[in-house]
2 protein chains.
Amino acid sequence: MPTDKNIDLTISEGHASPPPKAAKKILDVAYDLFYRRGIRAIGVDEIVKRAGVTKPSLYRSFPSKDELAASYLRQYDLEYWERFDEAVAAHPGDPRAQIKAFLTRIGKRTQVADYRGCGMTNAAVEYPDHSHPARMVSEANKQELRRRLRAMAVAMGAQDPDTLGDGLLLLIEGAYISGQLFGLGGPAQAVARNADLLIEASLKK
Amino acid sequence: MPTDKNIDLTISEGHASPPPKAAKKILDVAYDLFYRRGIRAIGVDEIVKRAGVTKPSLYRSFPSKDELAASYLRQYDLEYWERFDEAVAAHPGDPRAQIKAFLTRIGKRTQVADYRGCGMTNAAVEYPDHSHPARMVSEANKQELRRRLRAMAVAMGAQDPDTLGDGLLLLIEGAYISGQLFGLGGPAQAVARNADLLIEASLKK
DNA sequence: TGACAATGTTACCGATCGGTACGTATACAT
DNA sequence: ATGTATACGTACCGATCGGTAACATTGTCA
């Protein structure tokens with residue numbers, strides 16, 4: 001079947017053909033609009049208009065709006081773990097400092113006007129149906145987050161690593177949500193402090 | 001101006017006229033659909049169909065879909081504080097036990113299939129615009145939650161009550177979100193345990 | 001019996017939704 | 001130059017969106 005839609009947006013290097021420029025523009029615009037205003041709130045017409053392309057161009061690169069939303073989240077996923085790994089790399093062998101660095105960054109990020117939380121979390125709220133393409137990306141991302149946090153709780157020497165890992169996840173999700181709910185001066189700025197208290201209380205004596 | 005739409009759904013007692021039956025049916029159905037599937041995902045046509053009424057009936061009782069959504073959240077708000085006050089009343093003068101009771105209940109509630117989190121939180125995610133009627137109800141509810149939690153942190157004798165109150169709020173919001181993200185066996189079941197650890201670590205020595 | 005308020009009925013509005021049939025322009029290899 | 005493939009644009013589709021106009025029907029109370 002020659003109906004292979006070009007979802008793979010890999011930028012071909014050097015001499016190779018630098019293909020679908022439209023697809024990249026579309027995904028960039030969709031990323032911004034979906035994140036800031038919500039997926040359901042944005043129609044494909046607005047996306048193609050802002051991207052300076054036309055609708056058929058969108059549907060040549062993406063099989064549906066739902067799949068475009070999933071692509072947006074896959075991009076979000078990439079950048080999410082980049083940020084996560086930066087915090088980890090900044091404190092080699094010190095998981096507690098890694099967590100603190102990651103949460104301090106989140107806490108800061110929530111303290112800007114019109115902060116919109118986590119794109120993954122938001123997408124899951126918008127699409128309760130577990131079979132929706134966007135939600136599946138979101139759920140996979142969160143499972144991975146849970147896995148990493150629990151592993152770090154083990155490395156920290158927690159009495160009950162699963163409980164601590166999950167507690168950290170709750171604080172993080174709480175920061176994402178309350179960041180967009182309260183705006184400046186909200187509870188999210190206290191996330192790193194509370195996480196550190198929780199860690200301290202969870203270590204083996 | 002005689003355009004007083006009947007948003008007040010007070011049930012008149014006894015002999016008084018038991019008016020708008022349609023409005024109640026509409027709000028009940030809207031409540032269920034908005035909560036389970038999301039506000040943006042549900043059209044007014046589906047609401048009136050499931051309620052067994054017609055569209056003009058809806059627009060005689062509610063000025064717009066947005067206002068119907070706000071009414072849904074006002075109802076949600078009422079029931080929310082009912083549940084909160086139940087946990088408080090169960091442990092008079094013992095804020096720590098009150099929190100524990102409230103969070104244990106949340107933790108249990110999240111452990112059912114197709115749990116959909118907090119209607120207030122979800123609405124805020126669906127409507128980033130701060131001027132949207134539904135979002136305004138949601139934000140007011142969360143401000144009140146923050147106020148109460150901080151007051152309870154004071155009553156518990158926390159070293160830094162604002163930080164503890166906000167930490168509890170983060171855990172709660174995290175439970176709402178991860179409850180619907182992870183389904184059974186998710187991190188939300190650990191919310192009460194983590195809250196208690198955090199409280200213990202936050203008290204004056 | 002008459003008046004009023006609440007609900008129902010039917011039909012409609014313009015706007016927007018996600019998605020597509022089909023013709024055109026451009027690039028490159030031969 | 002010509003064929004071939006790929007990318008793009010014009011114009012359109014049916015369905016649904018939130019919302020309304022105009023009128024008929026019902027039940028209640030005076």
Side-chain angles (χ1 to χ4, degrees), chain A residues 2-9 12 15-27 29-30 33-34 37-72 126-127 129 132-134, chain B residues 2-12 14-30 33-34 37-72 126-127 129 132-134:
Chain A
T3 8
D4 258 291
K5 299 266 185 169
N6 185 1
I7 298 191
D8 172 27
L9 291 181
S12 308
H15 60 291
S17 62
K21 212 183 129 201
K24 187 189 183 319
K25 282 195 297 185
I26 291 166
L27 186 57
V29 170
L33 291 177
F34 282 164
R37 315 217 329 243
I39 300 172
R40 293 199 113 112
I42 298 295
V44 289
D45 294 275
E46 185 164 358
I47 294 175
V48 299
K49 192 178 163 192
R50 302 263 271 246
V53 300
T54 58
K55 241 195 292 193
S57 274
L58 193 159
Y59 284 98
R60 268 175 227 117
S61 298
F62 305 92
S64 65
K65 184 200 174 184
D66 288 345
E67 278 301 332
L68 173 59
S71 292
Y72 144 58
E126 286 198 89
Y127 294 98
D129 183 353
H132 191 283
Chain B
T3 6
D4 257 290
K5 299 265 186 170
N6 185 0
I7 297 193
D8 173 25
L9 290 180
T10 329
I11 311 264
S12 309
H15 60 290
S17 61
K21 215 184 122 199
K24 188 189 183 320
K25 283 194 297 186
I26 291 167
L27 186 56
D28 284 350
V29 170
L33 292 178
F34 282 164
R37 314 216 330 243
I39 300 172
R40 293 201 114 111
I42 298 296
V44 290
D45 294 275
E46 184 164 359
I47 294 175
V48 299
K49 190 178 165 192
R50 303 263 272 245
V53 301
T54 57
K55 238 190 302 188
S57 273
L58 192 158
Y59 284 97
R60 273 179 217 118
S61 298
F62 304 92
S64 65
K65 185 200 174 184
D66 288 345
E67 278 302 332
L68 174 58
S71 291
Y72 143 59
E126 285 199 272
Y127 295 98
D129 183 353
H132 191 284

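Residue numbers start from 1 in every chain, and the chains themselves are labelled A, B, ... in the order their sequence lines are given, proteins ahead of strands.
- Atoms CG (A/Leu33) and C1' (C/dC17) sit 16 Å apart, rounded to a whole Å.
- Where B/Ser57 and A/Arg40 each meet DNA chain C at their nearest nucleotide, the meeting point lying more 5' is that of B/Ser57.
- Residue A/Tyr59 has its side chain nearest to C/dG18 when only C/dT7, C/dG18, D/dC8 are considered.
- Across every non-hydrogen atom of A/Tyr59 and A/Ser64, the tightest pair is CE2-CA, 3.8 Å.
- Side-chain atoms of A/Arg40 come within 3.5 Å of backbone N or O of A/Glu126 as a donor-acceptor pair.
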* Asked: Can B/Val44 and B/Leu68 be said to form a side chain to side chain contact (heavy atoms under 4.5 Å, CB included), step by step?
  -> CA-CA 10 Å; B/Val44 290; B/Leu68 174 58; 5.5 Å; no
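- Put simply, CG on B/Leu58 is 10 Å from P on D/dG18, counting in whole angstrom units.
- For the pair B/Glu67 CD and D/dG19 P, the computed distance is 10 Å after rounding to whole Å.
- For the pair A/Lys65 NZ and D/dC17 C1', the computed distance is 13 Å after rounding to whole Å.
- Contacts of residues 47-56 of chain A with DNA chain C (heavy atom under 4.0 Å): A/Lys55, A/Pro56.
- As rounded to whole Å, 15 Å separates atom P of C/dG18 from atom CZ of A/Phe62.
- Stem list for DNA chain C (at least 3 consecutive Watson-Crick or G-U pairs, distances under 3.5 Å): C:1-30 with D:1-30.
- The two residues B/Lys65 and B/Ile39 come nearest to each other via the heavy atoms NZ-O, 3.0 Å.
- Here A/Ile42 lies in heavy-atom contact (under 4.0 Å) with sugar-phosphate atoms only.
- Of all the heavy atoms in B/Ile42 and B/Leu33, the pair that sits closest is CG1-O, 3.8 Å.
- Rounded to an integer number of Å, the gap from B/Arg60 CZ to D/dT20 C1' is 11 Å.
- Applying the side chain to side chain contact (heavy atoms under 4.5 Å, CB included) test to B/Ala70 and every residue at least two apart in sequence or in another chain returns B/Glu67, B/Arg74, B/Pro133, B/Val137.
- Applying the ring-ring contact (aromatic ring centres under 6.0 Å, His included) criterion to B/Phe34, with sequence neighbours excluded, gives B/Tyr72.
- A search for salt bridge (Lys or Arg N to Asp or Glu O under 4.0 Å) contacts involving B/Asp66 returns nothing, not counting sequence neighbours.
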Throw together a table of side-chain donor-acceptor distances under 3.5 angstrom for residues 49-58 of chain A, partners on residues two or more places apart or in other chains.
residue, atom, partner, partner atom, Å
A/Arg50, NH1, A/Glu46, OE2, 3.4
A/Lys55, NZ, A/Asp45, OD1, 3.3
A/Ser57, OG, A/Arg60, NH1, 3.4

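- For the pair B/Asp45 CG and D/dC17 P, the computed distance is 6 Å after rounding to whole Å.
- Distance A/Ile39 CD1 to C/dC17 P: 15 Å, rounded to the nearest Å.
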